[in-house]
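So that the names make sense, note that chain A is the first sequence line, chain B the second, and so on, each numbered from 1.
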Protein chains: 2
Amino acid sequence: MKNAPMQIDPNSNVDLSAQIAQAIRDAIMGGELIVDERLPSESELADHFAVSRPTVREALKRLAAQSLIRTQRGASGGAFVNRLSYPEAYSQHITTATLLLSMNAVSFETACEARYAMERACAALSARRRTADHLATMRAEIFRQQQPGLTDEAFCASDVAFHRALVDGAGNPVLSYQLAGAVEAMQPLMNMITFSARSREAIVKLHTDITDAIEAGDGPAASTALTALECETLTLAQTVFAERARTGKR
Amino acid sequence: MKNAPMQIDPNSNVDLSAQIAQAIRDAIMGGELIVDERLPSESELADHFAVSRPTVREALKRLAAQSLIRTQRGASGGAFVNRLSYPEAYSQHITTATLLLSMNAVSFETACEARYAMERACAALSARRRTADHLATMRAEIFRQQQPGLTDEAFCASDVAFHRALVDGAGNPVLSYQLAGAVEAMQPLMNMITFSARSREAIVKLHTDITDAIEAGDGPAASTALTALECETLTLAQTVFAERARTGKR
DNA sequence: CATTTTTCATTTGTCTGACATTTAAAAGTC
DNA sequence: GACTTTTAAATGTCAGACAAATGAAAAATG
């Protein structure tokens, strides 16, 4: 906090709490405030920015919503710069990705293409690095997907678990994080799909192809199978959309 | 808002404002509140949740920080469900990605690997879809990178512009969005690198290879060149880290 | 003296009530 | 009818207060 004036402009037409939040956000991202460092108390911040405590609190809540700070009550409590954890980052990412999709700013086709493009990238790494555990999970999910009487939801959940194992096999948490957002965002739409016996068969076949390729360390083959799966997914989804369009919205 | 009770638990040890924010967030993401729909006024929300207006306001600021709502003053003003725009989503993503990197939750190597894996995925699409504009931008940036007397910062900025054109060539905004986060997050570290004449030459050579491959519609060749560029970047960055480690932190 | 209990100051969480500012619509005026 | 003024509603901001949690110092206790 030494070299951080953190000034705001009271005459701006922007909310004071937004300005204060931005000033503190800049200080955190610029390195002036380091992880676990305690911010001044709300009263002190109010004095510093020449605003009231509720205004400071609104600013702090904005930062808390972004997981930039955490607060603690009591003596020696206060607001502390938060070390962003993976679960927190996941949550943020999924919220954003889901909204981008659901608000139609992104078409299903575009999201699907992006997802499978990234998954193919993971597959190449996964073919080299996957452990026996990842392979075992993938095989187990394929087995589950073949059970007769499986509900569509359970099939879908197993599908997600399969892809998760595939992606995690790459051993890169950043890629897992990116994919988690893409997969989660598509989940509501995927859950609307009715998986016929024939389409399940096709999917299981492709999952097997992918797993075989990963096991053999053959990245290109895994990519090819993923592309086929992308086509299958897109076709199924478009059927659902057509149905929705005919029977009216929702 | 019809079928949305949106109740909270006053006896929970969680902040009331956090609970209220979550309740409204769920309503938005669950589709009970649609885009551009107006939320009840702060006073009405306060009555509904049986809390005071400042508490409601803190909740609304949390949602505003995530771009879930926007507020408008005056008569017929209020809080409205916000249609998440790309710039807003970008901003959120970049903030999260930058913090994950800067707080050392992610190593540079991991971030670099993820970035280039995704870029290779883009390259395959870009080879099929890039317009003449994208190619022209890439060539122009390569030309700029060859100018003698170019500062490291300018070289770095041109590098970013080159990669941006490459990624945008894929014509998939979701991929562009994902990559923007990865590239922006690495930017602070990239800016610390000193690009020697020899390393610039190597990079320009690889950029040319990539562009040639994209122009020829040869995705695999572009991928190969990108892998070589990844190695180059990693080597350069590691040199910087070693320097930093020897001369002490920062 | 060591240990436990109590007190106390600090800080966030919440409430009440008020006023300022912005904004669109209603009312009034020419 | 077109323009101006008024008004009501909503967010933005402030001031002060109390509640609740919490750690540390002070006091009591063995």
Exercise. Around B:E153, counting heavy atoms of other residues, nucleotides and ligands shown, do more than 12 lie under 6.0 Å from its CD?
Worked result: no

Problem set entry | 5' to 3' contact window, DNA chain D with chain A (heavy-atom distance under 4.0 Å) | D:dG12 to D:dG23

Exercise. How would nucleotides 10-19 of chain C be written as a contact map, 5' to 3', with B for base contact, S for sugar-phosphate-only contact and - for no contact, using protein heavy atoms under 4.0 Å?
Worked result: BBBBBBB-B-

Exercise. Got a salt bridge between A:E141 and A:R144, using NZ or NE/NH1/NH2 to carboxylate O under 4.0 Å?
Worked result: yes

Problem set entry | Contact check, side chains of A:N82 and A:L63, non-hydrogen atoms, under 4.5 Å | no

For this session: Would you check if there is a donor-acceptor pair between the side chains of B:H134 and B:T137 at a distance under 3.5 Å?
Result: no

Problem set entry | Within residues 174-194 of chain B or reaching into it, pairs that qualify as side chain to side chain donor-acceptor pair (under 3.5 Å) - sequence neighbours excluded | B:D168-B:S176

Exercise. Is the shortest heavy-atom distance from the side chain of A:E58 to the side chain of A:D15 under 4.5 Å?
Worked result: no

Exercise. If we only count heavy atoms from C-beta on, is the A:F49 to A:L16 side-chain gap below 4.5 Å?
Worked result: no

